[in-house]
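Throughout, residue positions are numbered sequentially from 1 according to the sequence presented.
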Amino acid sequence: MAIRKKVKSSTIVMYVFLILLLLLSIVPFYLVVINSTHSSFDIVTKLNLLPGKSMGENYTTMQSHVNIWKGFLNSLLIAVPYTAFTGYFGALTAFGFAKYRFKGRNILFGVVLASMMIPAQVSIIGFYQLNLKLHLLNSYIPFAITGISNATAVFFLRGIIEQSIPNSMMEAARLEGCSEFMIFNRIVLPCVTPGVATMCIFNFVSCWNNYIGPLIIMTDSEKYTMPVMIAMIKGLYLTNYGAMYLAITISIVPIIIVYCFFSKYIINGLTVGAEK
């Protein structure tokens, strides 16, 4: 009985902790959505916990400053291919490092790890000069194509492939006549889907929230992304917080959709692993 009571009390403590953690995660999003329905005066002067009546006014103000839906589309044109490239080519590169032995393998992987330690802000000047020489300024290509060389995805997925894909499975596939790309596409990629889905979530959020890159590379205001347009709502002498919160609320929606879409693959992968 004492053991049962101890287990029950520890379970209650765990659930209380998880509920508090859930509230800490949800409250910021809730406040952003609620503030998007209030005027700037209400936002500055008091804490708003219930919806207001200023959403229509905030939307009109927001659209008078920027075309937020154009920025929404621009961000999608960058984030979607970037995420797809990161997931596929990151897994493909990680597969090469994990399962093939070639000269200079450790040195090349060390270069990948070293590139993770360089902040993006440090390389922004070189990134700008490179795109200037390639005539890619004011284009979405520089941001979408960089997903092919995502060092974080390679590092993360390399460890998963090493642990979850036995060499015997690959040898059996080769005996059946599978090519190396067929082994990757039909065996390796489905097995590491939870890891790829995790990387897709993180990289979509990172690309969607990228501010300094599009601000420097894009010269046409019609091609600005959501973070840049949200910053443009802020005036020189007066900031309309209601309009800014409404724009932030709109920008959160794709992140939630991407998380809900990819999280099921993570859960399914964990469930299959538990059953095995």
Side-chain angles (χ1 to χ4, degrees), residues 75-118 120 140-210 253-276:
S75 291
L76 283 179
L77 291 175
I78 293 175
V80 171
Y82 175 85
T83 305
F85 288 152
T86 298
Y88 183 81
F89 289 101
L92 182 62
T93 307
F95 173 59
F97 278 119
K99 292 300 178 181
Y100 295 95
R101 300 295 180 265
F102 52 89
K103 191 174 182 179
R105 168 175 169 267
N106 294 331
I107 296 175
L108 287 176
F109 190 67
V111 172
V112 173
L113 294 181
S115 66
M116 294 172 58
M117 304 175 189
I118 303 174
Y140 301 132
I141 296 175
F143 302 102
I145 205 169
T146 52
I148 295 176
S149 57
N150 190 295
T152 305
V154 173
F155 171 72
F156 180 78
L157 294 173
R158 177 179 178 266
I160 295 177
I161 293 174
E162 281 185 337
Q163 296 177 5
S164 59
I165 307 297
N167 293 330
S168 58
M169 184 186 297
M170 295 174 57
E171 291 297 332
R174 291 189 182 102
L175 290 174
E176 293 294 330
C178 292
S179 65
E180 300 304 311
F181 274 101
M182 191 178 296
I183 292 173
F184 172 75
N185 291 319
R186 296 190 178 182
I187 298 175
V188 177
L189 195 58
C191 289
V192 298
T193 297
V196 173
T198 303
M199 280 291 96
C200 286
I201 293 173
F202 285 118
N203 286 289
F204 181 87
V205 174
S206 174
C207 184
W208 184 267
N209 292 330
N210 187 8
V253 174
I255 296 175
I256 296 175
I257 293 174
V258 167
Y259 174 78
C260 294
F261 176 77
F262 284 108
S263 62
K264 66 180 181 180
Y265 293 101
I266 300 174
I267 295 171
N268 289 339
L270 293 174
T271 304
V272 171
E275 290 176 354
K276 289 181 179 181

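- Of the possible donor and acceptor atoms, one in the side chain of S164 sits under 3.5 Å from a partner among the backbone N and O of I160.
- Annotation: side chain of P254 is in contact with side chain of F204 (closest heavy-atom distance under 4.5 Å).
- No more than 12 heavy atoms of other residues, nucleotides or ligands lie within 6.0 Å of CD1 in I107, so this atom counts as exposed by the packing criterion.
- Residue Y82 is tested with N210, I145, N150 for a side-chain contact (heavy atoms from CB on, under 4.5 Å); the sole match is N150.
- Under the side-chain contact (heavy atoms from CB on, under 4.5 Å) test applied with N203, the options V258, T152, T86 reduce to a single match, T86.
- Contact detail for A151 and M116: the closest heavy-atom pair is CB-CG, 3.5 Å.
- Listed here is the closest heavy atom pair of M199 and F156: CG-CD2, 3.7 Å.
- For the residue pair F262 and A197, the shortest heavy atom distance occurs at O-CB, 3.6 Å.
- Taking 4.5 Å as the limit, some side-chain heavy atom of F181 sits within range of a side-chain heavy atom of L92.
- Remark: R186 CZ is loosely packed, at most 12 non-hydrogen atoms of other residues, nucleotides or ligands lying under 6.0 Å away.
- To the nearest 0.5 Å, atom CG of residue L76 and atom OH of residue Y140 are 10.5 Å apart.
- Between atom CD1 of residue I183 and atom CD1 of residue I165 there is a gap of 11.0 Å, rounded to the nearest 0.5 Å.
- Put simply, the residue from I161, V154, N106 that forms a side-chain contact (heavy atoms from CB on, under 4.5 Å) with F97 is V154.
- The shortest non-hydrogen separation linking R158 to A98 is O-CB, 3.8 Å.
- Residues G90 and A153 share a closest heavy-atom pair of CA-CB, 4.4 Å.
- For the pair A79 and C207, the tightest heavy-atom approach, listed with the atom from each and the gap, is CA-SG, 3.6 Å.
- The aromatic rings of F184 and F95 lie tilted to each other, with the angle between the two planes from 30° to 60°.
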| request: Please assess N185 against Y88 for the test side chain to side chain contact (heavy atoms under 4.5 Å, CB included), listing each intermediate value before the final yes or no. | output: CA-CA 9 Å; N185 291 319; Y88 183 81; 2.9 Å; yes
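- In this structure, T146 and F85 have side chains that are not in contact, with every pair of non-hydrogen atoms separated by 4.5 Å or more.
- For the pair K99 (side chain) and M170 (backbone), a donor-acceptor distance under 3.5 Å is absent.
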